[in-house]
Amino acid sequence: MKDIQTISADYVQGSFQLLEHAGDRARASLYFARRVGEEAEKENYLMAQWYYRASLSEYKSLFDVLPADLRDINLDKIFNMSPFKKEMDSHPLITVLKKARDLAIHSTKFQGQGRHFHVIRCDSSGQTPISYGAVFFDPVKEDHIKKEDRKYITEEQITWFNKQSQGWPAHLLIQEAIFQTSVPLRNFLFVNCPDLHAEQPTEEI
């Protein structure tokens with residue numbers, strides 16, 4: 001699995017405009033993720049952690065309401081048997097982030113850590129090192145993963161996620177996860193209802 005090199009922009013592809021309830025949860029998750037970044041940048045880490053839990057909760061909940069959205073357009077059974085669902089379910093960021101939500105909500109061991117994020121800003125004057133406050137995920141540990149989790153989370157995925165979460169702040173990884181979730185949904189809807197999908201432009205949230 002390749003490391004994340006860039007974070008996709010904070011919008012979702014037009015697929016979510018066709019999915020009323022899942023789209024609403026995606027918008028909410030992105031909103032709270034932005035607030036995580038804003039509060040952490042001011043080093044207001046406690047409030048950033050509140051938004052961090054809210055963003056993770058909204059993100060995971062979109063998978064709870066997605067079947068209802070697909071049922072409304074008579075595509076739920078088709079999606080469940082499709083390679084697009086398998087693609088979405090096997091993405092390491094999507095898979096582990098859903099578990100991260102459970103850890104953040106149901107335990108005190110995954111609350112997010114505030115520290116500085118160091119980057120290089122490139123502009124007309126050259127390259128300038130800068131840093132700002134951010135919330136980072138705690139590592140997912142072996143004892144966090146229950147026996148039933150092993151059916152869908154692999155050790156390789158956990159190792160990969162922990163590596164990404166050391167380099168990228170939590171709010172950016174949530175943003176990337178929402179984008180990556182939208183990709184197989186967009187492709188599925190394009191194949192199965194191209195006329196309907198063609199009417200929906202890419203949407204900023």
Side-chain angles (χ1 to χ4, degrees), residues 1 4 6-40 47-70 79 84-107 109-114 134-140 144-146 149 152-153 157-158 160-162 164-189 202-205:
M1 291 178 281
I4 297 173
T6 58
I7 299 295
S8 303
D10 58 344
Y11 64 87
V12 295
Q13 297 195 33
S15 55
F16 277 117
Q17 290 179 281
L18 296 175
L19 304 170
E20 178 184 359
H21 303 293
D24 178 67
R25 305 301 170 91
R27 293 180 185 91
S29 183
L30 277 177
Y31 170 79
F32 289 126
R34 290 193 194 106
R35 297 303 302 269
V36 173
E38 292 166 2
E39 295 298 335
M47 188 167 289
Q49 288 171 330
W50 294 349
Y51 287 123
Y52 155 90
R53 292 197 298 269
S55 184
L56 285 172
S57 291
E58 291 290 343
Y59 175 66
K60 187 176 181 183
S61 73
L62 79 83
F63 298 95
D64 296 327
V65 298
L66 178 60
D69 284 331
L70 293 172
F79 180 71
F84 302 102
K85 185 177 189 302
K86 291 180 181 178
E87 177 188 348
M88 188 173 70
D89 289 345
S90 65
H91 195 291
L93 183 58
I94 295 171
T95 299
V96 184
L97 206 63
K98 288 191 287 185
K99 181 60 181 179
R101 176 267 175 195
D102 295 341
L103 294 172
I105 298 302
H106 299 301
S107 78
K109 300 177 182 179
F110 206 78
Q111 298 307 302
Q113 299 298 317
V135 170
F136 288 78
F137 285 112
D138 300 281
V140 178
H144 292 157
I145 307 302
K146 298 178 181 179
D149 297 328
Y152 64 93
I153 299 178
Q157 288 174 327
I158 294 170
W160 178 88
F161 177 83
N162 286 338
Q164 310 316 304
S165 63
Q166 288 302 301
W168 292 103
H171 72 282
L172 292 182
L173 288 179
I174 295 171
Q175 177 179 308
E176 177 68 11
I178 292 169
F179 181 83
Q180 294 300 331
T181 303
S182 78
V183 173
L185 288 174
R186 183 265 179 195
N187 292 339
F188 171 76
L189 292 170
T202 297
E203 173 194 17
E204 293 186 359
I205 291 183

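Only this structure's heavy atoms are used, side chains among them; waters, hydrogens and symmetry mates stay out. Numbering starts at 1 and runs along the sequence shown.
- One N or O on the side chain of Gln164 and one on the backbone of Ile4 form a donor-acceptor pair closer than 3.5 Å.
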Given the rule in the side chain to side chain contact (heavy atoms under 4.5 Å, CB included) test, do Val135 and His171 qualify, once you have shown the distances and angles that lead to the verdict? CA-CA 7 Å; Val135 170; His171 72 282; over 6 Å; no
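- Between Phe84 and Phe188, the two ring planes are perpendicular [angle over 60°; tilted spans 30° to 60°].
- The two residues Trp168 and Leu172 come nearest to each other via the heavy atoms CE3-CD1, 4.0 Å.
- At a threshold of 4.5 Å between non-hydrogen side-chain atoms, the residues Ile153 and Phe161 do not count as touching.
- With values rounded to the nearest 0.5 angstrom, Ile94 atom CD1 is found 10.5 Å from Gln157 atom CD.
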Pair up each side-chain donor or acceptor in residues 86-93 with any protein partner under 3.5 Å, not counting sequence neighbours, and list the distances.
{"unit_1": "Asp89", "atom_1": "OD2", "unit_2": "Lys85", "atom_2": "NZ", "d": "2.6"}
{"unit_1": "Ser90", "atom_1": "OG", "unit_2": "Lys86", "atom_2": "O", "d": "2.9"}
{"unit_1": "Ser90", "atom_1": "OG", "unit_2": "Glu87", "atom_2": "O", "d": "3.2"}
{"unit_1": "His91", "atom_1": "ND1", "unit_2": "Leu93", "atom_2": "N", "d": "3.2"}

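- Remark: the backbone N or O of Glu58 is paired with a side-chain donor or acceptor of Ser61 at under 3.5 angstrom.
- Residues Met47 and Trp50 have side chains in contact (heavy-atom distance under 4.5 Å, counting atoms from C-beta outward).
- Contact detail for Ile178 and Phe16: the closest heavy-atom pair is O-CE1, 4.2 Å.
- No side-chain donor-acceptor contact under 3.5 Å links Ser55 to the backbone of Tyr52.
- Interatomic distance, Ile105 CD1 to Lys60 NZ, rounded to the nearest 0.5 Å: 10.0 Å.
- Note that CZ of Arg25 and CG of Asp69 are 9.5 Å apart. Values are rounded to the nearest 0.5 Å.
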Using the rule given for side chain to side chain contact (heavy atoms under 4.5 Å, CB included), can you reason through Leu70 versus Leu19, listing the C-alpha separation, both sets of side-chain angles and the distance that settles it, and then say yes or no? CA-CA 7 Å; Leu70 293 172; Leu19 304 170; 4.0 Å; yes
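- Side-chain contact annotation: Arg53 with Gln111, donor-acceptor N/O pair under 3.5 Å present.
- The structure places CZ of Phe79 at 5.0 Å from CG of Leu185, a figure rounded to the nearest 0.5 Å.
- Looking at Gln175, its side chain never comes within 3.5 Å of a backbone N or O of Leu30 through a donor-acceptor pair.
- A search for salt bridge (Lys or Arg N to Asp or Glu O under 4.0 Å) contacts involving Asp24 returns nothing, not counting sequence neighbours.
- Considering every non-hydrogen atom in both Ala134 and Ala40, the closest pair reads CA-CB, 3.6 Å.
- Nearest heavy-atom pair across Leu97 and Ala177 is CD2-CB, 3.4 Å.
- Atom-to-atom distance recorded for Ser57:OG and Leu62:CG is 12.0 Å, nearest 0.5 angstrom.
- Of all heavy-atom pairs between Lys98 and Tyr59, the closest is CG-CE2, 4.3 Å.
- Asn162 places no side-chain N or O within donor-acceptor distance of the main-chain N or O of Pro139, the cut-off being under 3.5 Å.
- Between Ile174 and Ala33, the shortest heavy-atom contact is CG2-CB, 4.3 Å.
- A donor and an acceptor atom, one from each side chain of Arg35 and Tyr31, are located under 3.5 Å apart.
- Two residues are said to be in side-chain contact when any heavy atoms from C-beta on lie closer than 4.5 Å; Phe110 and Val140 meet this criterion.
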